[in-house]
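First comes the structure, then the notes that go with it.
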Amino acid sequence: MYDVVVIGAGPGGATVSRYLAKLGLDVCMIDKDTFPRNKPCGGGFSRTILDEFAYLKPRAHEFMKGIAKVGVLHSPNRRIVLEGSVDMAVALRTDFDNVLFEEAISAGVLPLAGIRAKRVIIKDDGVTVELAGGKSVQGKVVIGADGVTSMVARETQLNRRWPSSSITACRVCEVPTSTQDILDRYTEDLKYHFFTNLGGLPGYGWIFPKHETINIGLGLVGTHASGLPRMFDAFVRFLKKKDLLPEKSDLSTAKGALVPTAGPIKQTVADRCVLLGDSAGHVSPLTGGGISYAMRAARYAAHVIASAIENDTLDSATLSKYQNLWQSDFGNDFRNQLLAQKIFTSPFTDLLFHIGSKDTKIQEIVSESMAESSDGNIDVKQLVSRTLKVCFREAFRL
Ligand SMILES: Cc1cc2nc3c(=O)[nH]c(=O)nc-3n(C[C@H](O)[C@H](O)[C@H](O)COP(=O)(O)OP(=O)(O)OC[C@H]3O[C@@H](n4cnc5c(N)ncnc54)[C@H](O)[C@@H]3O)c2cc1C
């Protein structure tokens with residue numbers, strides 16, 4: 001019997017597995033894919049990840065594909081643009097996730113890659129994970145790090161399924177081009193672009209220029225996602241017209257993927273079970289960014305589980321210390337991001353962009369929070385009070 005069986009080897013699963021192994025526990029990490037594998041993603045995250053997870057620093061050259069220094073935000077009507085300075089790392093997920101996967105193995109984790117976990121059975125004395133092909137694995141605890149369509153969340157009934165209003169359906173493509181072409185279009189600052197509510201629909205579009213690829217994507221909230229392929233084609237045409245994408249772009253690798261964007265689920269623990277990352281809804285509702293949240297949740301989960309195993313108390317009340325830890329670290333981020341999401345998808349968004357265009361401070365606040373470049377939080381109170389101040393300032397100028 002393993003101490004811990006982790007399902008999913010993405011940023012959440014690989015990180016929690018590594019920390020658990022470093023704490024001396026026997027860990028089995030299962031993923032349906034073999035690594036390296038590509039996760040459809042923008043690949044943008046705060047550079048602070050490298051300070052928080054310092055073991056990644058010596059390998060940063062393997063996955064880092066540039067630093068975006070300026071963010072450009074486009075209003076829904078695409079007439080107003082806000083610009084601010086940011087500090088966002090951009091990576092290729094194939095490389096980034098592979099480094100995390102290898103670091104977990106180096107720490108002593110046993111990987112079972114290319115095998116789907118089908119069922120989880122939790123009993124008083126342990127957990128059984130049934131695998132495709134008929135085999136099974138036993139553990140004292142199971143961690144669901146199995147992403148947005150989490151089987152563990154479903155089986156434990158912590159989240160049977162996301163309502164379509166809580167999911168954003170995306171289409172994303174890593175478009176290859178030359179470094180010179182990228183510098184010409186996006187400058188040395190690797191200006192990233194973020195588009196709110198394209199075509200008046202709730203969602204977002206983005207361009208993350210990297211060293212040799214331009215990552216473009218479009219996400220629409222599930223309730224409005226039926227026209228996603230058509231909208232993506234229109235988005236591509238628009239980008240070409242604006243010279244943001246080469247006329248001859250190879251879009252053959254464009255892929256669809258889901259991300260939860262309505263905040264975390266209420267309960268992220270059960271007896272002998274913890275959920276983290278996308279399976280728990282640890283994703284910014286404003287930007288769809290979840291890499292750093294998954295990794296931070298993973299670190300909390302590892303410490304709580306290690307001490308629970310030492311004390312042989314693996315009930316949900318004991319494991320809820322994990323929930324308290326992530327909530328007090330970044331639970332408030334999600335509340336603010338949800339509020340900001342409401343503001344940015346309201347009929348007044350163009351007007352707010354207009355006000356923002358008159359004030360550099362507003363532009364800094366908004367571009368920082370869209371870029372995942374700070375700690376991911378958006379100070380809505382500061383944004384609202386600044387907006388009111390600019391309104392008064394402008395009114396008295398008239
Ligand atoms: C289009 C798109 C763009 C995004 N852009 C960004 C961005 O720029 N920045 C950012 O921070 N976040 C971004 N995100 C969100 C980010 O990808 C996720 O938040 C992050 O990957 C969460 O990590 P995770 O480990 O929880 O899940 P994942 O990375 O999804 O990993 C889950 C793993 O579980 C495995 N798995 C699933 N089910 C099973 C099973 N039954 N058995 C075995 N294995 C299983 C999968 O193969 C996968 O490897 C984006 C998401 C999408 C969809």
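Start at 1 and go down the list; that is how both ligands and their atoms are numbered. In what follows, residues are counted from 1 in the order of the sequence shown. Just so you know, these numbers come straight off a predicted model, no measurement behind them.
Of the candidates D97, V6, D278, it is D278 that places a heavy atom closest to atom 26 (O) of ligand 1. Heavy-atom proximity to atom 10 (C) of ligand 1, evaluated over G290, P40, G217, is greatest for G290. In the candidate list P11, G281, G44, G277, P11 is nearest to atom 23 (O) of ligand 1, counting heavy atoms. Distances from atom 3 (C) of ligand 1 to the heavy atoms of A117, G42, G114 put G42 nearest. Heavy-atom proximity to atom 43 (C) of ligand 1, evaluated over K32, H282, R154, is greatest for K32. Compare D146, D33, I167, D31 by their heavy atoms: the one nearest to atom 48 (C) of ligand 1 is in D31.
Remark: K118 NZ is loosely packed, at most 12 non-hydrogen atoms of other residues, nucleotides or ligands lying under 6.0 Å away. Around CD of E310, the count of heavy atoms belonging to other residues, nucleotides or ligands within 6.0 Å does not exceed 12. Within a 6.0 Å radius of OH in Y55, more than 12 heavy atoms belonging to other residues, nucleotides or ligands are found. Annotation: N311, atom CG; neighbour count of heavy atoms from other residues, nucleotides and ligands within 6.0 Å is above 12. For E212, the CD atom sits in a loose shell: 12 or fewer heavy atoms of surrounding residues, nucleotides or ligands are nearer than 6.0 Å. Counting non-hydrogen atoms of neighbouring residues, nucleotides and ligands closer than 6.0 angstrom, the NZ atom of K69 exceeds 12 such neighbours.
For the pair D329 and R296, the salt-bridge criterion is met [side-chain N within less than 4.0 Å of a carboxylate O].
Atoms of ligand 1 found under 4.0 Å from any heavy atom of L258, numbered from 1 in the order shown, are 53 (C). Each of the following atoms of ligand 1 lies closer than 4.0 Å to a heavy atom of A257: 53 (C). Atoms of ligand 1 lying under 4.0 Å from any heavy atom of G288, numbered from 1 in the order shown and given with element: 12 (N), 13 (C), 14 (N), 15 (C), 50 (C). Annotation for ligand 1: atoms under 4.0 Å from non-hydrogen atoms of G289 are 10 (C), 11 (O), 12 (N), 13 (C). Atoms of ligand 1 lying under 4.0 Å from any heavy atom of G8, numbered from 1 in the order shown and given with element: 33 (C), 34 (O), 35 (C). Numbered from 1 in the order shown, with element, the atoms of ligand 1 that lie under 4.0 Å from a heavy atom of A145 read 32 (C), 33 (C), 34 (O). Within ligand 1, the atoms closer than 4.0 Å to a non-hydrogen atom of C170 are 1 (C), numbered from 1 in the order shown. Set against the non-hydrogen atoms of W206, the atoms of ligand 1 under 4.0 Å away are 1 (C), 3 (C).
Within the 4.0 Å heavy-atom criterion, the part of R93 lying near ligand 1 is the side chain and not the backbone. Looking at T149 against ligand 1, nothing comes within 4.0 Å, counting heavy atoms. Residue K39 touches ligand 1 through its side chain alone, judged by heavy-atom distances below 4.0 Å.
Remark: distances from the non-hydrogen atoms of R171 to ligand 1 are all 4.0 Å or more. At least one heavy atom of F208 sits less than 4.0 Å from an atom of ligand 1.
Looking at T48 and D51, their side chains never bring a donor and an acceptor atom within 3.5 Å of each other.
Checked by distance only, ligand 1 and S279 stay at 3.5 Å or farther apart across all their nitrogen or oxygen atoms. Residue I291 has at least one nitrogen or oxygen atom sitting less than 3.5 Å from a nitrogen or oxygen atom of ligand 1, judged on distance alone. Residue G43 has at least one N or O atom closer than 3.5 Å to an N or O atom of ligand 1.
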Notebook entry, point to check: Do E174 and R93 pass the salt bridge (charged side-chain N to carboxylate O under 4.0 Å, His left out) test, and can you show the C-alpha distance, the side-chain angles, and the key distance before you say yes or no?
Noted result: CA-CA 11 Å; E174 202 84 56; R93 281 295 295 272; over 6 Å; no
Next item on the list: Please report the C-alpha distance between R185 and D181 in whole Å, then the side-chain angles of each, then the deciding distance to 0.1 Å, and finally whether the salt bridge (charged side-chain N to carboxylate O under 4.0 Å, His left out) criterion is met.
Entry: CA-CA 6 Å; R185 287 175 206 279; D181 181 63; 3.0 Å; yes
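For the side-chain contact (heavy atoms from CB on, under 4.5 Å) with I115, the lone residue among D31, T34, L131 that qualifies is L131. Residue F96 forms a ring pair (Phe, Tyr, Trp, His ring centres under 6.0 Å) with just one option from F35, F53, F45, and that option is F45.
For L276 against A301, the heavy-atom pair with the smallest separation is CD2-CB, 3.8 Å.
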